[in-house]
Amino acid sequence: MIGLGAVGVVTGAKVQRGVNRALGPVSSGISGIVPAAGGFRFYTVTGSVKRIEPADYHLTVRGLVNHPRDFSFVELQTALPQTRMTDTFHCVTGWSVPKVAWVGVALPDLLDAVGVGAGARGVKFTSFDGEYTESLTLEQARRRDVIVATGMLGGPVSHDHGGPVRMYVNPMYGYKSTKWLSGIELVDKVRPGYWETRGYDVDGWVGHSNGYTS
Ligand SMILES: Nc1nc2c(c(=O)[nH]1)N[C@H]1C(S)=C(S)[C@@H](COP(=O)(O)O)O[C@H]1N2
Ligand SMILES: [Mo]
């Protein structure tokens, strides 16, 4: 198992099957969260979002990369190494969901596939909701627990959770994890995302920002 300390990123088909079996249902009924959604609350800043079927989905990767390209949903599932992990999901407003399972492409593997260009310092994420944006420093984007997720909770990423493809930025609050992901752009410097222009910290480390924990 190739692990990342306590966060439990694993790779390799054999290990993945073992981990898969170990994934129980997400806990529900914890006080202060909504059990109907498995503990999650569904968030959108735009009201309803158009549906995109996996067969029609493309992730555009561009900007300061050596080989700009689009990835289809199937390419994300088959042409790049698959990474799974399970950990608690934290929204900065106070709710969290334990033991959420994710599967997809670790962002560093995707960056390797396109080749990070000279001068790239940040990564910008866009959503096909037409409004949401997020960003990470290049160093943060190279963490193996930052995942371009094609699955969660043991199945596809549902539309309400931001499917067919969304980000999962494990070490940071939920607002760093762009839903309905449409584009990844390598940029020369980090630009504040949707919530960051509205007061949240660009560095969204769980437990280390936004005044929610000391
Ligand atoms: N496109 C988009 N992505 C988004 C959001 C959003 O409103 N729109 N909300 C963020 C916030 S604040 C959180 S906590 C998580 C919530 O994910 P969920 O809706 O699957 O529970 O999505 C993040 N990504
Ligand atoms: Mo959030």
Side-chain angles (χ1 to χ4, degrees), residues 23 25-52 54 57-61 73 76 85-104 107 123-136 140-141 143 145-185 190-213:
L23 303 176
V26 172
S27 309
S28 60
I30 293 168
S31 68
I33 58 179
V34 183
F40 279 92
R41 296 174 189 184
F42 294 127
Y43 282 168
T44 172
V45 297
T46 57
S48 75
V49 176
K50 69 175 172 183
R51 281 169 192 272
I52 296 185
Y57 180 82
H58 289 279
L59 174 64
T60 301
V61 185
F73 188 81
L76 289 174
M85 69 174 302
T86 300
D87 204 354
T88 307
F89 187 91
H90 299 274
C91 174
V92 70
T93 61
W95 57 268
S96 59
V97 186
K99 293 182 188 156
V100 182
W102 300 87
V103 60
L107 189 52
V123 180
K124 181 181 173 188
F125 305 90
T126 50
S127 172
F128 61 80
D129 69 10
E131 193 69 37
Y132 207 82
T133 60
E134 253 307 331
S135 54
L136 294 172
Q140 292 162 355
R143 293 176 59 109
D145 56 352
V146 175
I147 295 174
V148 179
T150 54
M152 67 184 285
L153 300 169
V157 180
S158 70
H159 176 73
D160 287 337
H161 275 309
V165 177
R166 70 172 290 169
M167 289 304 302
Y168 173 55
V169 180
N170 170 265
M172 297 196 181
Y173 286 114
Y175 66 86
K176 298 300 292 188
S177 295
T178 303
K179 296 165 60 170
W180 305 293
L181 183 70
S182 57
I184 293 178
E185 185 182 1
V190 168
R191 292 178 183 77
Y194 181 90
W195 283 117
E196 293 142 17
T197 58
R198 292 162 175 82
Y200 287 103
D201 288 354
V202 175
D203 285 327
W205 305 106
V206 171
H208 291 272
S209 63
N210 297 296
Y212 277 81
T213 50

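Atoms within each ligand, like the ligands themselves, are counted from 1 in listed order.
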Element-labelled atoms of ligand 1 that are located less than 4.0 Å from some non-hydrogen atom of R41: 18 (P), 19 (O), 21 (O)

For ligand 1, the portion of W95 having any non-hydrogen atom under 4.0 Å away: side chain

T178-ligand 1 polar pair, N/O distance under 3.5 Å: no

Closest heavy-atom pair and its distance - S127, S182: C-OG, 3.3 Å

Atom indices of ligand 1 within 4.0 angstrom of S127 heavy atoms, with elements: 1 (N)

R191: salt bridge (Lys or Arg N to Asp or Glu O under 4.0 Å) partners, not counting sequence neighbours: D188

D129 and ligand 1 - part of the residue with a heavy-atom distance under 4.0 Å: side chain

For S177, the ligand 1 atoms whose distance to one of its heavy atoms is below 4.0 Å: 4 (C), 22 (O), 23 (C), 24 (N)

Spacing of F125 atom CZ and R166 atom CZ [to the nearest 0.5 Å]: 12.5 Å

Region of W180 that comes within reach of ligand 1 [heavy atoms, distance under 4.0 Å]: side chain

F40 and ligand 1 - part of the residue with a heavy-atom distance under 4.0 Å: side chain

Under 4.0 Å to a heavy atom of C91 - the qualifying atoms of ligand 1, by number: 14 (S)

Shortest non-hydrogen contact from W180 toward D160: CZ2-O, 4.0 Å

Proximity to ligand 1 by part of E131, non-hydrogen separation under 4.0 Å: neither

Pair Y173-W95, ring-ring contact (aromatic ring centres under 6.0 Å, His included): steps then yes or no: CA-CA 10 Å; Y173 286 114; W95 57 268; over 10 Å; no

Identity of the nearest option to atom 10 (C) of ligand 1, non-hydrogen atoms only, from F128, W195, Y132: Y132

Polar proximity ligand 1 side, F42 side, N/O cut 3.5 Å exclusive: no

is_close_aromatic(W102, Y168), centroid dist under 6.0 Å: yes

R198 to Y200, cation-pi by 6.0 Å centre distance and 45° axis angle: no

Selection residues 170-184 - residue pairs positive for salt bridge (Lys or Arg N to Asp or Glu O under 4.0 Å), sequence neighbours left out: E134-K176, K176-E196

Parallel, tilted or perpendicular, as decided by the 30° and 60° cut-offs, for the rings of F89 and F40: tilted

Y43 side chain reached by T93 side chain, heavy atoms, under 4.5 Å: yes

Per-atom contacts of ligand 1 with V45, taking only distances under 4.0 Å to non-hydrogen atoms: 7 (O)

Protein contact to atom 22 (O) of ligand 1 [nearest heavy atom, distance to 0.1 Å]: K179 CD, 3.4 Å

For atom 20 (O) of ligand 1, the option (of H161, H90, E134, M167) bearing the nearest heavy atom: H161

Protein heavy-atom partner closest to atom 9 (N) of ligand 1 - residue, atom, separation in Å: Y43 CB, 3.7 Å

